[in-house]
Amino acid sequence: MPIFVGSAQVQKMYIGSAEISAAANLGSNVLGPAGSFPGITNSSLYLPLKTSIVPSRGSSTPTFTRATAAWSFDNEGKLNQNVPSGCARFKGGRLVRNYVATTSATLAVAATNTVTLSRAETVTFSMGAGTGTATFSGTAGATGTLTASPSGRTEVTKTCTSGTFIITASVSTLVDIQVEIVSGQTDQTASEYVSVGALSSPYHGAGTVSGADGCKWFPTNKDGSAIPSSTLDGYFAEPSRINNCLYNRDLRQGSTTTAGVWTSTGIGAELLSNGTFVDGTGWTTGSGWTIGSGVATKTAGVSGSVYTPISLTAGKLYVITFTVVRTAGSFEYSFSGGTSSYGPNRAASGTYSDILLCLPGNTTFRFTGGSTFAGTVDDISIKEAAIQVTTTSGLDNVTNSASRLTAATTDATITQLLTAATGTRTLSAYIKRISGTGTISLTRDGGTGWTDITSSLVTDSWVLVQMTSDVGANPTVGIKMGTSGDVIDVDCVQDEDGAWATSPILTTTAAVTRNGDVLSYASAFDVAQGTALCSLSSVVPITVSGYVALAGDANGRMLRFDTSTARDSGEAWDSTNTATATGLSLLTGIRKRASRWGTDLLMCADGTLGVAAAFDGSMGASTTMYVGCSQTGATQLSGTLRELHIWPTPLTDTQMKQVTS
């Protein structure tokens, strides 16, 4: 159940790997065989939409597009990162993705396949019954050989680093090669085999473009048991959104070679001697550098550093502030000794404040100017960060994928200056309280105002909190911890262009766009008469402008919502007339809505009939039905939709109440 705290909203919570809704998923259809209803002629089109976009009844052809990757919570309540461009999402389903790039038939003649990993992953390799071998090797650390068995599948699981590996098959009989990323899964054994290149659209029911090939959603757990209906929420449709918050999982900066994104206040004693260069002592000047008149100065023509020893603790974050007057070229800084940890490369005058992670062996602070850099540096300060960040397991249950924040003082903050346009935007994060009871707050205006989300948090459970505001372009977002010693885990910090939080969009060095989910069915309904039924949920707040669940064209909406339609309601619209009905809230569970058009226009919500309106004679000019969005591929439901039925004739009042009860 969404819980609003000020402008913050809690959507879901996670206990262990289980996703707990704050309200039961009420309203799932109680269906007979093949989606039938007692005493009612079968619908002409039936779309369960639990794990596939393929109709169970009717011959309508689906089309699905989303030209970017996306992320989804799976049957274990974990964040699944294996959803590629063109693959539909089924919330609560189990996704198996085969990363092999060619067909089994091609593999039989020893083709090669390259798989690229963006992070360390657990990878399971398997092959079907037969004879022959498959080898894998490469920079990702996955090296080995699989030998086929004539009696069944063989498999091996490897822990791989980021990088690439190549699979080469050499077989005398056809085998089914499968490569799966199983990081974070409870059961990391090989899944059911999913072919690549063997089927045409819609590939395994997951999508209609080639990017979805090799992906298949299952309604069962790996052990064969059925995923509960309360977990298997259905087809998931969201609008296009951009997450402008960088390094939204690793708040240390995301890597040891890039800083200058998240920053904190410095606390404690000054750790750098003579950062004002008053007497020039303690510093060593490299090529092009001189110290005098209270500043360090570099001339162009050669690359070089000015550096000094410093006592640091490995694994801690430090706040580095300094002032640069630049006349040409670029500069950076680092902790060196051992594996160096670098600050950002910059090319502008200014006063900077960054946090930087100390790696084992770092014993020197070094300020470096490139060969073209000319300018001065002064007032360098290094202190411990007020919020110390280490890594922890995140929403995907993968080790070191998220951040653990420990407050080293009262009202400790960690913030990030975004590059983002003005407008209504939503800051969100998944937060888990680990210890302490102090206040936790969010900001979008650099700390001028803070939204207290403390009452939303749950110890040892992930909770999504959010706040929405318009503070102009390039806001500074952040988290404040009120009590020293408190510990929280944070994952998927997101600042997106919209009035509510959508599913996680993962970022590192740049903003990331997740395009909208667009699903449609050709020749799906009769524009002159018919009935539509579906079960759906949504997280769109009531104050937000309209969105669409079922549509034809711009002049026909079988189910839509606007600013005047409460989220416990729904309306049918024929471009002239509107019929509404009120039932249970879509914000707190999966609900049932049905509309009919023909002799009249009527809505029914959770067994309650609305007032019939006149019908203008047509639900638009197009028989293509858009599911979870409008015909333009916009105004997405921002929720789930399943158990969709279309009848070619209007149902009676009694039947409308029956199918929605």
CG/L637 to OG/S630 distance, rounded to the nearest 0.5 angstrom?
-> 12.0 Å

Check whether any side-chain heavy atom of V627 sits under 4.5 Å from a side-chain heavy atom of L641, and report yes or no.
-> yes

Please tell me if the side chains of F277 and I380 come closer than 4.5 Å, counting only heavy atoms from C-beta onward.
-> yes

Go through the side-chain N and O atoms of W500 and T468 and say whether any donor and acceptor fall under 3.5 Å apart.
-> no

One should read off an interatomic distance between Q388 CD and I267 CD1, to the nearest 0.5 angstrom, of 7.5 Å

For the pair D452 and K480, find out whether any cationic side-chain nitrogen is under 4.0 Å from an anionic carboxylate oxygen.
-> no

Run the salt-bridge test on K316 and E384 with the 4.0 Å N-O cut-off and return the result as yes or no.
-> yes

Hey, what's the ring geometry for F331 with F367, parallel, tilted or perpendicular (30° and 60° as the breaks)?
-> parallel

Can you tell me how far the SG atom of C492 sits from the CD1 atom of I505, to the nearest 0.5 Å?
-> 10.0 Å

Can you tell me how far OG1 of T507 sits from CG of N248, rounded to the nearest 0.5 angstrom?
-> 3.5 Å

Can you name the nearest heavy-atom pair linking S330 to F373, along with the distance?
-> O-CB, 3.2 Å

Can you find a heavy atom in the side chain of T415 that is under 4.5 Å from one in the side chain of W262?
-> no

With distance as the sole test, does R241 use its side chain to make a donor-acceptor pair with the main-chain N or O of D497 at under 3.5 Å?
-> yes

Can any side-chain N or O of S183 pair as donor or acceptor with the backbone N or O of T122 at less than 3.5 Å?
-> yes

Check Y342 against S334 and note the closest heavy-atom contact, atom names and distance.
-> CD2-CB, 3.7 Å

Short side-chain donor-acceptor distance under 3.5 Å, N400 and T391 | yes

Are any side-chain N or O atoms of E121 and backbone N or O atoms of T161, one a donor and one an acceptor, separated by less than 3.5 Å?
-> no

Intermediate values then yes/no, side chain to side chain contact (heavy atoms under 4.5 Å, CB included), S118 and T508 = CA-CA 11 Å; S118 60; T508 52; over 6 Å; no

Would you name the heavy atoms of F73 and L395 that are closest together and state the gap between them?
-> CZ-CD1, 4.2 Å

For residues N243 and D495, report the shortest heavy-atom separation together with the two atoms involved.
-> OD1-N, 3.0 Å

Can you find a heavy atom in the side chain of F561 that is under 4.5 Å from one in the side chain of T635?
-> no

With distance as the sole criterion, is a donor-acceptor pair present between the side chains of S85 and T68 under 3.5 Å?
-> no

Dump the intermediate steps for side-chain hydrogen bond (donor to acceptor under 3.5 Å, both in side chains) on T263 and Q416, then the final yes or no.
-> CA-CA 6 Å; T263 191; Q416 181 180 147; over 6 Å; no

Donor-acceptor pair between T368 and S305 side chains, under 3.5 angstrom = yes

Do L442 and I479 have side chains that get closer than 4.5 Å, going by heavy atoms?
-> yes

Can a salt bridge be assigned to the pair D486 and R433 using a cut-off of 4.0 Å between side-chain N and carboxylate O?
-> yes

Sidechain-backbone polar pair: Q253 side chain, D250 backbone, donor-acceptor under 3.5 Å = no

The single option from L357, L359, N362, T364 passing side chain to side chain contact (heavy atoms under 4.5 Å, CB included) against F335 = N362

Does a side chain donor of either T640 or S537 reach within less than 3.5 Å of an acceptor in the other side chain?
-> yes

State, to 0.1 Å, how close A385 and I355 come at their nearest heavy-atom pair, and which atoms those are.
-> CB-CG2, 4.4 Å

Should D491 and R249 count as an ion pair when the cut-off is N to O under 4.0 Å?
-> yes

Hey, does the side chain of D378 reach the backbone of V295 with a donor-acceptor pair shorter than 3.5 angstrom?
-> no

Any donor-acceptor pair under 3.5 Å linking the side chain of Q466 with the backbone of A501?
-> yes

Rounded to the nearest 0.5 Å, the CG atom of L506 sits from the CZ atom of R514 at a distance of 10.5 Å

Side chains of I434 and T459 in contact at under 4.5 Å (non-hydrogen atoms) = no

Any I387 side-chain heavy atom under 4.5 Å of M481 side chain = yes

T323 and T351: CA distance, side-chain angles, deciding distance, side-chain hydrogen bond (donor to acceptor under 3.5 Å, both in side chains) verdict = CA-CA 4 Å; T323 299; T351 297; 3.0 Å; yes

Given side chain to side chain contact (heavy atoms under 4.5 Å, CB included), test Y235 with D517 step by step and report yes or no.
-> CA-CA 10 Å; Y235 170 70; D517 302 278; 3.6 Å; yes

Are a donor atom and an acceptor atom from the side chains of E270 and S381 found within less than 3.5 Å of each other?
-> yes

Donor-acceptor pair, side chain of T410 and main chain of T483, under 3.5 angstrom = no

Residues R593, D606: salt bridge by 4.0 Å N-O rule | yes

Any donor-acceptor pair under 3.5 Å linking the side chain of S264 with the backbone of T413?
-> yes

Check step by step if side chain to side chain contact (heavy atoms under 4.5 Å, CB included) holds for I440 and I488.
-> CA-CA 9 Å; I440 308 295; I488 59 174; 4.1 Å; yes

Between the side chains of T588 and R591, does any donor sit under 3.5 Å from an acceptor?
-> yes

When you check the gap from the basic side-chain N to the acidic O, do R89 and D233 get nearer than 4.0 Å?
-> no

Flag the pair R94 and D74 as a salt bridge only when some basic side-chain nitrogen lies within less than 4.0 angstrom of an acidic carboxylate oxygen.
-> no

Do the non-hydrogen side-chain atoms of C358 and T313 ever get within less than 4.5 Å of each other?
-> no

Could you please spell out the steps behind the side chain to side chain contact (heavy atoms under 4.5 Å, CB included) verdict for T439 and D411?
-> CA-CA 9 Å; T439 301; D411 292 333; over 6 Å; no

Specify the closest pair of heavy atoms between G472 and T422, including all atoms of both residues, with the distance to one decimal.
-> CA-OG1, 3.3 Å

Quick one: do D396 and K78 satisfy salt bridge (charged side-chain N to carboxylate O under 4.0 Å, His left out)? Show the steps, please.
-> CA-CA 5 Å; D396 52 4; K78 299 184 181 71; over 6 Å; no

Atom pair OG1 (T424) and CG (D470), whose distance is rounded to the nearest 0.5 Å = 5.0 Å

Do side-chain atoms of S401 reach the backbone of V398 as a donor and acceptor pair under 3.5 angstrom?
-> yes

Is the backbone of D445 close enough, under 3.5 Å, to the side chain of T443 for a donor and an acceptor to pair up by distance?
-> yes

Identified side chain to side chain contact (heavy atoms under 4.5 Å, CB included) partner of Y333 from the options V306, V377, I320 | I320

Distance only, no hydrogens: is a donor on one side chain within 3.5 Å (strictly under) of an acceptor on the other, for S503 and E238?
-> yes

Option passing side chain to side chain contact (heavy atoms under 4.5 Å, CB included) with D568 (candidates L587, T582, L586, L584) | T582

